[in-house]
Amino acid sequence: MSGWTADRIPDQHGKVVVVTGANSGLGLVTATELARRGAHVVLAVRNVVAGEEAARRIPGDTEVRALDLASLASVRAFAAKLTADHPSVDVLVNNAGLVHLGPRRTTADGFELHVGTNMLGPYALTGLLLDALTAGSGGRVVSLSSITHKSAHLDFDDLMSERGYRASSAYGRSKLATTLFGLELDRRLRAAGLPVVSALAHPGLTRTNLTPRAWEHRGRFGRLIAAGGLLATQSVEQGALPQLRAATDPEVRGGQFFGPARLWETRGPVTEARLGEEAADPAVARRLWAVAQDLTGVRYP
């Protein structure tokens with residue numbers, strides 16, 4: 001099924017879908033395609049003004065809610081308000097991600113910014129929404145990985161990159177952690193007999209606003225680097241297809257991982273992606289899960 005396109009998305013009427021980071025890039029395309037096919041799409045965004053502007057451009061049923069994945073207080077507030085209004089949620093797309101190539105920064109809770117935003121925030125959000133995801137006929141969680149996870153390594157003695165910080169390595173580790181999370185979530189859901197599918201996707205090299213933002217700390221030089229990098233990327237519409245398939249294809253199985261098919265998974269039609277060696281190790285995933293439980297205070301399933 002390497003020829004999978006957005007035209008194959010089935011009817012989504014009656015479904016409530018949460019897309020994090022939905023005001024731009026991959027999240028905006030994902031939200032647009034799902035709303036176009038009838039889903040009620042919740043745009044979970046850090047910048048509500050930008051989210052409302054995006055929602056006005058989406059042809060369908062949407063709402064905008066504030067969510068900052070770099071703050072566990074924000075994650076808890078979002079989940080409480082959402083489930084009060086929507087006791088049943090069909091799909092959670094953990095799309096929002098961060099690339100920061102400047103000096104080391106931390107979240108509101110003191111976590112290194114990449115791992116806090118890209119993995120610990122989505123981990124907590126998924127757990128807090130799990131009852132809603134199981135309330136219907138069966139929910140689905142999509143975790144957004146990256147090809148950078150394949151060369152990354154988790155150092156559990158320095159998970160927050162306090163020693164010898166390198167931004168690009170911190171980003172790769174956060175995406176390895178995200179990948180491990182999505183796979184361990186699948187194993188735990190199945191062991192608990194819960195009717196929720198956990199699938200993963202990555203966009204290859206895709207033209208989003210993450211690259212320009214990542215280099216903005218370098219001024220004009222950074223803008224030149226970002227512009228050069230964007231020349232090597234595929235369109236955001238193409239890059240969103242793996243996560244759209246993971247979110248909507250009725251044949252998706254728990255633990256499946258989708259990405260581009262060509263040029264070392266950097267671009268092209270959707271296919272099943274390959275896991276890095278460390279990402280495929282259940283022992284590493286179990287250890288990371290235990291750490292995430294302790295750091296966030298969210299325990300499931």
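Please read these numbers as outputs of a predicted model, since none were measured by experiment.
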Residue pairs passing the salt bridge (charged side-chain N to carboxylate O under 4.0 Å, His left out) test where at least one lies in residues 291-301, sequence neighbours excluded: D294-R299
Distance, nearest 0.5 Å, that separates OG of S168 from NE2 of H100: 12.5 Å
T83 side-chain N/O to A132 backbone N/O, donor-acceptor pair under 3.5 Å: no
Transitive ILVMFWY side-chain link V197 to V16, under 4.5 Å: no
Polar side-chain atom of S71 near backbone of D68 as donor-acceptor pair, under 3.5 Å: no
Summary of ring-ring contact (aromatic ring centres under 6.0 Å, His included) pairs that have at least one residue in residues 24-60, sequence neighbours excluded: H40-H86
Option passing side-chain contact (heavy atoms from CB on, under 4.5 Å) with S74 (candidates L125, L69, L67): L67
Hydrophobic cluster membership, I147 vs M119, 4.5 Å side-chain cutoff: no
Transitive ILVMFWY side-chain link V196 to L200, under 4.5 Å: no
Pairwise side-chain contact, F258 with T271, heavy-atom cut-off 4.5 Å (strictly under): no
Option among L101, L176, V99, V115 that satisfies the side-chain contact (heavy atoms from CB on, under 4.5 Å) test with Y171: V99
ring-ring contact (aromatic ring centres under 6.0 Å, His included) pairs, two or more places apart, involving residues 128-167: H149-F257
Euclidean distance, K15 NZ relative to T248 OG1, rounded to 0.5 Å: 7.5 Å
Backbone of S161 reached by a side-chain donor or acceptor of R104 within 3.5 Å: yes
Donor-acceptor contact present, side-chain E278 to main-chain G276, <3.5 Å: no
Note, L130 side chain near P301 side chain (heavy atom, < 4.5 Å): yes
Exercise: identify the closest heavy-atom pair between G259 and A273: N-CB, 3.9 Å
V298 to G127 - nearest heavy-atom pair and separation: CG1-CA, 4.1 Å
Closest contact, heavy atoms only, L34 versus Q12: O-CB, 4.1 Å
L133 side chain near V141 side chain, heavy-atom distance below 4.5 Å: yes
OG1 on T107 to NE2 on H114, rounded to 0.5 Å: 12.5 Å
S88 side chain vs A135 backbone, donor-acceptor pair below 3.5 Å: no
Contact check, side chains of L244 and I9, non-hydrogen atoms, under 4.5 Å: yes
Heavy-atom check, side chain of P250 versus side chain of P10, under 4.5 Å: yes
Closest heavy-atom pair and its distance - A70, T117: CB-OG1, 3.6 Å
Test item: S198 side-chain N/O and G182 main-chain N/O as donor-acceptor pair under 3.5 Å: yes
Q243-T30 side chain donor-acceptor pair, cut-off 3.5 Å: yes
salt_bridge(D155, R163) N-O dist < 4.0 Å: yes
Beyond-backbone contact of Q238 with R267, side-chain heavy atoms, under 4.5 angstrom: no
Pairs flagged by salt bridge (charged side-chain N to carboxylate O under 4.0 Å, His left out) wherever residues 166-191 is involved - sequence neighbours left out: E184-R187, E184-R188, D186-R190
Spatial distance of atom CE (M160) from atom CG (L113) [nearest 0.5 Å]: 11.0 Å
Side-chain heavy atoms of V236 within contact of L26, under 4.5 Å: yes
Neighbour count >12 (heavy atoms, 6.0 Å) for atom CG, D131: no
Pairs satisfying ring-ring contact (aromatic ring centres under 6.0 Å, His included), at least one member in residues 276-301, at least two apart: Y123-W289, Y123-Y300, F181-W289, W289-Y300
Minimum-distance pair of heavy atoms, taken over all atoms of I58 and A31: CD1-CB, 4.1 Å
Donor-acceptor contact below 3.5 Å, side chain E265 vs main chain R274: yes
Residues T126, N94; criterion side-chain hydrogen bond (donor to acceptor under 3.5 Å, both in side chains); working and verdict: CA-CA 8 Å; T126 302; N94 284 316; 3.1 Å; yes
Residue pair L129, L82: steps toward the side chain to side chain contact (heavy atoms under 4.5 Å, CB included) verdict: CA-CA 9 Å; L129 296 183; L82 179 76; 3.8 Å; yes
Criterion side chain to side chain contact (heavy atoms under 4.5 Å, CB included) on N23 and L28, from CA distance to verdict: CA-CA 5 Å; N23 59 290; L28 177 58; over 6 Å; no
D109 side chain vs L72 backbone, donor-acceptor pair below 3.5 Å: yes
Pairs satisfying salt bridge (charged side-chain N to carboxylate O under 4.0 Å, His left out), at least one member in residues 81-98, at least two apart: R65-D85
Linked, directly or transitively: V89 and V45 (ILVMFWY side chains, under 4.5 Å): no
Flag, side chain of E63 to backbone of L43, donor-acceptor distance under 3.5 Å: no
R37/E33 ion pair, N-O < 4.0 Å: yes
Path from L275 to V252 over hydrophobic side-chain contacts below 4.5 Å: no
Flag, side chain of H202 to backbone of L205, donor-acceptor distance under 3.5 Å: no
Worked check of side chain to side chain contact (heavy atoms under 4.5 Å, CB included) between V41 and D61: CA-CA 6 Å; V41 181; D61 183 16; over 6 Å; no
S174 to N118 - nearest heavy-atom pair and separation: OG-ND2, 3.0 Å
Test side chain to side chain contact (heavy atoms under 4.5 Å, CB included) applied to L92 and V17, step by step: CA-CA 6 Å; L92 168 61; V17 180; over 6 Å; no
